[in-house]
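Dropping the structure in here first, questions after.
Atoms within each ligand, like the ligands themselves, are counted from 1 in listed order. For the numbers below, each heavy atom of this structure counts, side chains included, while hydrogens, waters and symmetry mates do not.
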Amino acid sequence: MTGNDRYPGVPVTIVMPTYNEAANLPRMAELVLGLPIDGLHLKIVDDSSPDGTGRIAEELAEKYNWDGRRRMSVLHRTEKDGLGRAYVAGMTAALDEGAAYVIQMDADGSHPVEAVPRMLGTAVASGVGLVVGSRYVEGGSLDEEWGKHRVLLSRFANRYARTVLGTKIRDITAGFNLWSAATLRDVDLATLDSAGYSFQVELKFKAVRAGHSAVEIPIRFEERTEGVSKMNLSTQIESALVPLRLRMRNRRG
Ligand SMILES: Nc1nc2c(ncn2[C@@H]2O[C@H](COP(=O)(O)OP(=O)(O)OP(=O)(O)O)[C@@H](O)[C@H]2O)c(=O)[nH]1
Ligand SMILES: [Mg+2]
């Protein structure tokens, strides 16, 4: 692998769920589709955002698919149905369309787009099925704008899920991850239970349990600059219960 490698012939799909991200999406699409990866595709999964994100996504797809090359697509869903279910739909479509690697990324600018080639390079060079963009390994960091309360909650959620599940992944709740197609097929996305954010923990846990290994690379997590968070009490409660449920099932099985 060289620094100039554009990975020709390797189909890579970034799946990006959106709910009311009209203010962020044009910039995100520009950054993602400007990456030096030849086979890159951006798939937006929009849950009928009232702010028109779905329509903006279609306009952007038209702009970027100008020469008949399909660089961007939009999957429209009828109602706000949770981050996890949006990802299952988007990743399943990406696999059906022949992606060799699938990357998960938020639309709000929190995940550093420039880390994508590093994640892909790591996967291609090492052959691992999962590369985690990690806030909690040496060199990783969190935006200083995150208040103390938020930092503590995030650290606690991570430590809690790691302890309950007995996993070595330091950022088990990370939402910026690269998956090989083989790993996602082994996990069988249709069997995942999480509707919301706990999807991140459930998918990683099941991948490792299926025998795949993970590599974590450090990233800096930026606070969103536009729009508002979609995290709410019910997604937080689900995030607390899912690790316990996974552990109990795993014991019985
Ligand atoms: N399609 C879809 N996307 C969602 C849903 N919930 C959240 N998202 C998207 O998932 C990504 C992560 O959501 P955020 O609200 O940024 O969650 P967060 O990063 O944990 O919270 P903040 O740091 O406060 O932004 C964003 O791109 C959201 O637009 C949902 O129910 N459906
Ligand atoms: Mg966010």
Side-chain angles (χ1 to χ4, degrees), residues 14-29 31-32 42-58 60 72-94 102-113 116 132-136 140-158 161 171-177 189 192-203 219-240 242:
I14 294 188
V15 177
M16 190 176 280
T18 56
Y19 193 75
N20 288 347
E21 301 289 0
N24 289 309
L25 194 56
R27 175 90 182 122
M28 284 308 293
L31 288 173
V32 163
L42 174 62
K43 183 178 288 298
I44 304 298
V45 187
D46 186 69
D47 282 5
S48 296
S49 298
D51 76 345
T53 301
R55 183 181 37 79
I56 292 168
E58 288 292 354
L60 289 166
M72 181 167 171
S73 59
V74 192
L75 205 146
H76 298 277
R77 289 154 50 82
T78 51
E79 57 178 359
K80 187 171 183 328
D81 198 24
L83 176 83
R85 295 204 182 107
Y87 265 128
V88 168
M91 290 171 140
T92 303
V102 177
I103 298 171
Q104 303 174 248
M105 187 184 258
D106 288 357
D108 58 3
S110 287
H111 299 146
V113 176
V116 167
V132 177
S134 179
R135 298 161 292 184
Y136 299 129
S141 59
L142 277 172
D143 196 323
E144 289 71 30
E145 268 183 47
W146 264 32
K148 260 208 186 92
H149 171 78
R150 189 87 199 273
V151 172
L152 283 175
L153 186 68
S154 169
R155 284 195 174 274
F156 170 78
N158 238 297
D171 197 348
I172 186 88
T173 63
F176 184 32
N177 310 295
L189 293 165
L192 297 185
D193 289 329
S194 301
Y197 292 73
S198 56
F199 168 83
Q200 313 291 11
V201 172
E202 185 178 8
L203 187 53
I219 61 136
R220 177 176 168 76
F221 185 96
E222 298 285 346
E223 175 66 308
R224 65 158 69 236
T225 47
E226 305 287 342
V228 293
S229 175
K230 280 92 209 174
M231 187 98 74
N232 58 31
L233 187 62
S234 89
T235 56
Q236 288 180 11
I237 291 172
E238 186 188 35
S239 297
V242 161

Specify the protein heavy atom at minimum distance from atom 9 (C) of ligand 1: its residue, its atom name, and the distance to 0.1 Å.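 For atom 9 (C) of ligand 1, the nearest protein heavy atom comes out as Pro17 O, 3.4 Å.
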Ranked by distance from atom 15 (O) of ligand 1, the top protein heavy atom is Lys230 N, 2.7 Å
Do Ile44 and Met16 make a side-chain contact, defined as non-hydrogen atoms from C-beta onward lying under 4.5 Å apart? yes
May I ask you to determine how many protein N/O/S atoms are under 2.8 Å from the Mg ion (ligand 2)? 1
Which of the ligand 1 atoms, numbered from 1, are nearer than 4.0 Å to a heavy atom of Lys80: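 By the 4.0 Å cutoff, the relevant atoms are 5 (C), 6 (N), 30 (C), 31 (O).
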Return the residue, atom name and 0.1 Å-rounded distance of the protein heavy atom closest to atom 25 (O) of ligand 1.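 The answer is Arg224 NE, 2.8 Å.
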Residues that Pro50 engages under side-chain contact (heavy atoms from CB on, under 4.5 Å), provided they are two or more places apart: Tyr19, Asn20
Glu223 side chain near Trp146 side chain, heavy-atom distance below 4.5 Å: yes
Nearest neighbour in protein (non-hydrogen) for atom 19 (O) of ligand 1: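 Checked against all protein heavy atoms, atom 19 (O) of ligand 1 sits closest to Asp106 OD2, 3.3 Å.
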Find all atoms of ligand 1 within a distance of less than 4.0 Å from any non-hydrogen atom belonging to Asp108, and give their numbers and elements. 16 (O), 19 (O), 25 (O)
Audit row: Asn158, Arg135, side chain to side chain contact (heavy atoms under 4.5 Å, CB included) steps and yes/no: CA-CA 11 Å; Asn158 238 297; Arg135 298 161 292 184; 3.8 Å; yes
Ligand 1-proximal atoms of Val45, by part, heavy-atom distance under 4.0 Å: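 Looking at Val45 and ligand 1, just backbone atoms fall under 4.0 Å.
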Gly82 to ligand 1, any heavy atom closer than 4.0 Å: yes
Where ligand 1 meets Met231 - atom numbers and elements under 4.0 angstrom, heavy-atom basis: 20 (O)
Would you say that Val32 contacts Met105 through its side chain, given a criterion of any heavy-atom pair below 4.5 Å between the two side chains? yes
Classify the contact between Glu21 and ligand 1 as side chain, backbone, both or neither, using a heavy-atom distance cut-off of under 4.0 Å.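 Side chain only; the backbone of Glu21 stays clear of ligand 1.
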Within the structure, does Phe221 bring an N/O atom to less than 3.5 angstrom of an N/O atom in ligand 1? no
Is there a donor-acceptor pair closer than 3.5 Å between any side-chain N or O of Glu202 and the backbone N or O of Ser194? yes
Full working for side-chain hydrogen bond (donor to acceptor under 3.5 Å, both in side chains) between His76 and Glu58: CA-CA 10 Å; His76 298 277; Glu58 288 292 354; 2.6 Å; yes
Just need the protein heavy atom nearest to atom 8 (N) of ligand 1, so name the residue and atom and give the distance.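 It is Leu83 CD1, 3.9 Å.
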Determine whether Leu203 and Leu192 satisfy the following criterion, side chain to side chain contact (heavy atoms under 4.5 Å, CB included), listing intermediate values before the conclusion. CA-CA 8 Å; Leu203 187 53; Leu192 297 185; 3.9 Å; yes
Show me, pair by pair, the donor-acceptor contacts under 3.5 angstrom made by side chains of residues 78-85, not counting sequence neighbours?
| residue | atom | partner | partner atom | Å |
| --- | --- | --- | --- | --- |
| Asp81 | OD1 | Arg85 | NH1 | 3.3 |
| Asp81 | OD2 | Arg77 | NH2 | 3.0 |

Shortest heavy-atom approach to atom 13 (O) of ligand 1 - which of Phe176, Tyr87, Tyr197: Tyr197
Taking only residues two or more places apart in sequence, or in another chain, which ones meet Phe199 in a ring pair (Phe, Tyr, Trp, His ring centres under 6.0 Å)?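 So Phe199 forms a ring pair (Phe, Tyr, Trp, His ring centres under 6.0 Å) with Tyr87.
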Can you tell me which residue and heavy atom of the protein come closest to atom 4 (C) of ligand 1, and the distance to 0.1 Å?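 Scanning the protein heavy atoms, the shortest distance from atom 4 (C) of ligand 1 goes to Tyr19 CB, 4.0 Å.
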Counting both backbone and side chain atoms, is some N or O of Trp146 under 3.5 Å from an N or O of ligand 1?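 Such a contact does not occur with ligand 1.
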Got the closest protein heavy atom to atom 21 (O) of ligand 1, with its distance? Ser229 OG, 3.2 Å
May I ask you to identify, for Asp47, whether its side chain, its backbone, both or neither come under 4.0 Å of ligand 1 on a heavy-atom basis?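 Both backbone and side chain.
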Heavy-atom distance under 4.5 Å between the side chains of Glu21 and Ser49, does that happen here?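 Side-chain contact under 4.5 Å: no.
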Part of Arg150 with heavy atoms under 4.0 Å of ligand 1, whether side chain, backbone, both or neither: side chain
Over 60° means perpendicular and under 30° means parallel, so tell me whether Phe176 and His111 are parallel, tilted or perpendicular.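 Judged by the thresholds at 30° and 60°, the geometry between Phe176 and His111 is parallel.
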Just by distance, do the side chain of Asp108 and the backbone of Arg224 share a donor-acceptor pair under 3.5 Å? no
With a heavy-atom distance limit of 4.0 Å, tell me whether Ala86 approaches ligand 1 through its side chain, its backbone, both, or neither. side chain
Just so I know, are the side chains of Ile56 and Pro26 near enough to count as touching, which here means a heavy-atom distance under 4.5 Å?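 In contact.
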Before giving the answer on side chain to side chain contact (heavy atoms under 4.5 Å, CB included), spell out for Arg155 and Tyr136 the whole-Å C-alpha distance, their side-chain angles and the decisive distance to 0.1 Å. CA-CA 9 Å; Arg155 284 195 174 274; Tyr136 299 129; 3.7 Å; yes
